[in-house]
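Scroll down for the structure; my scribbles are underneath it.
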Amino acid sequence: MNTITSRIVTVLLALFLVVYSAYQVYRFIYNPYKTEMAKIYELNTSFSINGVVFREERPIDTATGTAILDYIVPDAAKVGVTTVIAKEYNNEQVVKLAKELALVDEELLALRNTGTGEMVILPSGDALSGQIYEQLGNVVDMSSDGMVEGTSHIKIAIQQIINKRQLAIGRLDDLDNRIEQLTLRKAALEEAIGESQGTITAGASGYFSHFTDGHEEDFTPSFIKDESADELMSMVTKPISVAGNNGIGKIVTDYDWYMVAVITPKEAEHISVGRLLNVTLNEGVGSSRVQMVVENILLTQTEGKLLLVLKSATINAQVLSLRTTSASINTGSIRGIWVNSKAIRFVDGVQGVFVKRPGEVIFKPIQIIYEGQGFVLCNANYTHEEELNLFDEIVIGGKDLYDHKPI
């Protein structure tokens, strides 16, 4: 009898141990509360616009007839009233020769300036190689941006670096031979080109651009100052037909220019009048970042629409080629604790999250500083345990949650 009883007790004890072990394994594997660790996240904030450019400019309206123009002034160059912008020739081939002559003159000048002066400090071979690679990188960037003509000047810069290399290793004969070759080529080109038929002058002081669109006198800063917000809204939202680059060029007579774009009230929350912004221009000749000041934010009669007026004094070839452009406005960065939107709860009207701690789940209020798609950023607090902190285990899944619920 005792043997049977002891066997029964042994079996029951074994079953208990099996069931208890299985329960512990289940508790270890099964977690009814899915969590994510609170971590710091820094977000660069920006928004996109479609802007219209306003500036003071006047077209160069000199008649050229059937003449072919050779531009001798680059875009964005500062010019005076009598500055010669272009020379007129009777055929395309002569213009090509004239462009070659300009490059020959530039290389000759670079060669003659190599090593001039009482004392020449030459960089090391590695430094010269680094300069060459840098210029080759500029070629790639300009080519990808469509600025093919500008690569000729980089070629001259690379040649000048090579000349310094030759000078550094004492191979002066190579430089002299190159100068002699270019001098002979210059004489031949000058004879083949002859005299130009005429010249085109700027006619005004300012910055030259060969880009024209037929709206040089339509979109001026006076419209921004004189028109109402709704009239200005109509100007920048209607389709703008561009006549094409069929003029000689234009002179921009003021370095200040403006860009006007429609924005939403939510986008306006991140900017203020007088603030300096980094704006990336996505169209025109190349792509560049310019600094622009928020000149004004105008209310309109259209619900949910505001007008953003930006002002800049940056002048380059891309800026002068634009009438309309898409752009990206960088409004800065926001740093806070990243929280999954699924974790947000309300307890007694207070917004917060549940945090898992040993043996319980507690509720912690949060202060949202940014709302994104599927997440929010919250203020980080490093001193108060009752508020959300780094490395807290935020509960994003669970049922029947309440403050101080035992687990």
Side-chain angles (χ1 to χ4, degrees), residues 20 22-49 261 263-280 289 291-294 297 303-306 308 327-407:
Y20 181 77
Y23 173 71
Q24 293 299 324
V25 170
Y26 171 80
R27 284 195 63 188
F28 179 78
I29 296 176
Y30 175 69
N31 181 9
Y33 303 105
K34 185 180 178 182
T35 63
E36 289 181 352
M37 185 174 291
K39 56 185 180 293
I40 285 292
Y41 186 81
E42 187 167 358
L43 177 71
N44 291 321
T45 57
S46 64
F47 62 91
S48 298
I49 62 171
I263 62 172
T264 65
K266 187 172 182 63
E267 291 167 339
E269 291 176 1
H270 302 288
I271 56 179
S272 57
V273 174
R275 182 177 173 184
L276 186 65
L277 300 173
N278 287 320
V279 180
T280 301
R289 175 177 291 184
Q291 289 193 323
M292 305 193 77
V293 175
V294 180
I297 301 174
E303 185 177 355
K305 300 294 183 183
L306 303 173
L308 173 64
S328 177
I329 297 179
N330 183 5
T331 56
S333 62
I334 298 176
R335 195 168 185 265
I337 293 181
W338 191 96
V339 175
N340 193 315
S341 297
K342 295 178 181 179
I344 299 174
R345 303 284 196 278
F346 285 89
V347 173
D348 297 330
V350 178
Q351 192 175 39
V353 295
F354 285 99
V355 173
K356 182 182 176 183
R357 296 201 305 191
E360 67 174 348
V361 171
I362 66 169
F363 179 79
K364 289 190 174 185
I366 59 174
Q367 183 180 357
I368 296 176
I369 57 177
Y370 179 84
E371 292 188 40
Q373 187 69 33
F375 73 97
V376 298
L377 294 184
C378 306
N379 272 337
N381 192 297
Y382 304 101
T383 57
H384 296 89
E385 180 61 28
E386 64 272 12
E387 296 183 18
L388 187 63
N389 283 284
L390 273 178
F391 312 122
D392 279 345
E393 287 190 69
I394 303 172
V395 177
I396 61 170
K399 295 182 180 180
D400 302 322
L401 295 172
Y402 57 86
D403 196 16
H404 296 289
K405 178 181 179 178
I407 57 174

>> With a sphere of 6.0 Å drawn around NZ of Lys405, does it hold more than 12 non-hydrogen atoms of other residues, nucleotides or ligands?
In response: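 Check passes, neighbour count above 12.
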
> Got a sec: does the CD of Glu360 have more than 12 other heavy atoms crowding it under 6.0 Å?
Replying inline: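 More than 12 within 6.0 Å, yes.
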
Which pair of non-hydrogen atoms, one from [X] and one from [Y], has the smallest distance, and what is that distance?
X: Val294; Y: Ser272; result: CB-O, 3.3 Å
X: Gln351; Y: Phe363; result: C-CZ, 4.0 Å
X: Pro265; Y: Gly304; result: CD-O, 3.4 Å
X: Gly336; Y: Ile369; result: CA-CD1, 4.3 Å
X: Ile396; Y: Asn340; result: CG2-CB, 4.0 Å
X: Leu306; Y: Ala268; result: CD1-CB, 3.7 Å

> Please walk me through it: do Ile263 and Ile271 pass side chain to side chain contact (heavy atoms under 4.5 Å, CB included)?
Replying inline: CA-CA 11 Å; Ile263 62 172; Ile271 56 179; 4.1 Å; yes

Can you find a pair of side-chain heavy atoms, one from [X] and one from [Y], that are under 4.5 Å apart?
X: Val339; Y: Leu388; answer: yes
X: Thr280; Y: Asn330; answer: no
X: Gln291; Y: Asn278; answer: yes
X: Leu43; Y: Trp338; answer: no
X: Phe375; Y: Tyr370; answer: yes

First locate atom [atom1] of [X], then atom [atom2] of [Y], and finally report the distance between them rounded to the nearest 0.5 Å.
X: Glu36; Y: Lys342; atom1: CD; atom2: NZ; answer: 8.5 Å
X: Ile297; Y: Arg275; atom1: CD1; atom2: CZ; answer: 10.5 Å
X: His404; Y: Phe354; atom1: NE2; atom2: CZ; answer: 10.5 Å
X: Ile394; Y: Lys39; atom1: CD1; atom2: NZ; answer: 8.0 Å
X: His270; Y: Ser46; atom1: NE2; atom2: OG; answer: 10.0 Å
X: Thr45; Y: Glu269; atom1: OG1; atom2: CD; answer: 12.0 Å

>> Run Ile49 and Ile329 through side chain to side chain contact (heavy atoms under 4.5 Å, CB included) and show every step you take.
In response: CA-CA 8 Å; Ile49 62 171; Ile329 297 179; 3.7 Å; yes

> Among Leu377, Asn379, Ile40, which one satisfies side chain to side chain contact (heavy atoms under 4.5 Å, CB included) with Arg335?
Replying inline: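 Of all the options given, the one that passes is Ile40.
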
>> Please identify which of these residues, Asp392, Thr35, Val361, meets the side chain to side chain contact (heavy atoms under 4.5 Å, CB included) condition with Val355.
In response: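 In the set Asp392, Thr35, Val361, the residue that makes a side chain to side chain contact (heavy atoms under 4.5 Å, CB included) with Val355 is Asp392.
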
> So Phe47 and Thr264, side chain to side chain contact (heavy atoms under 4.5 Å, CB included) or not? Walk me through it.
Replying inline: CA-CA 10 Å; Phe47 62 91; Thr264 65; over 6 Å; no

> Is the side chain of Ser333 donor-acceptor paired with the backbone N or O of Asn44 at a distance under 3.5 Å, no angle test?
Replying inline: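 No, the answer is negative, given that no donor and acceptor are paired below the 3.5 Å cut-off.
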
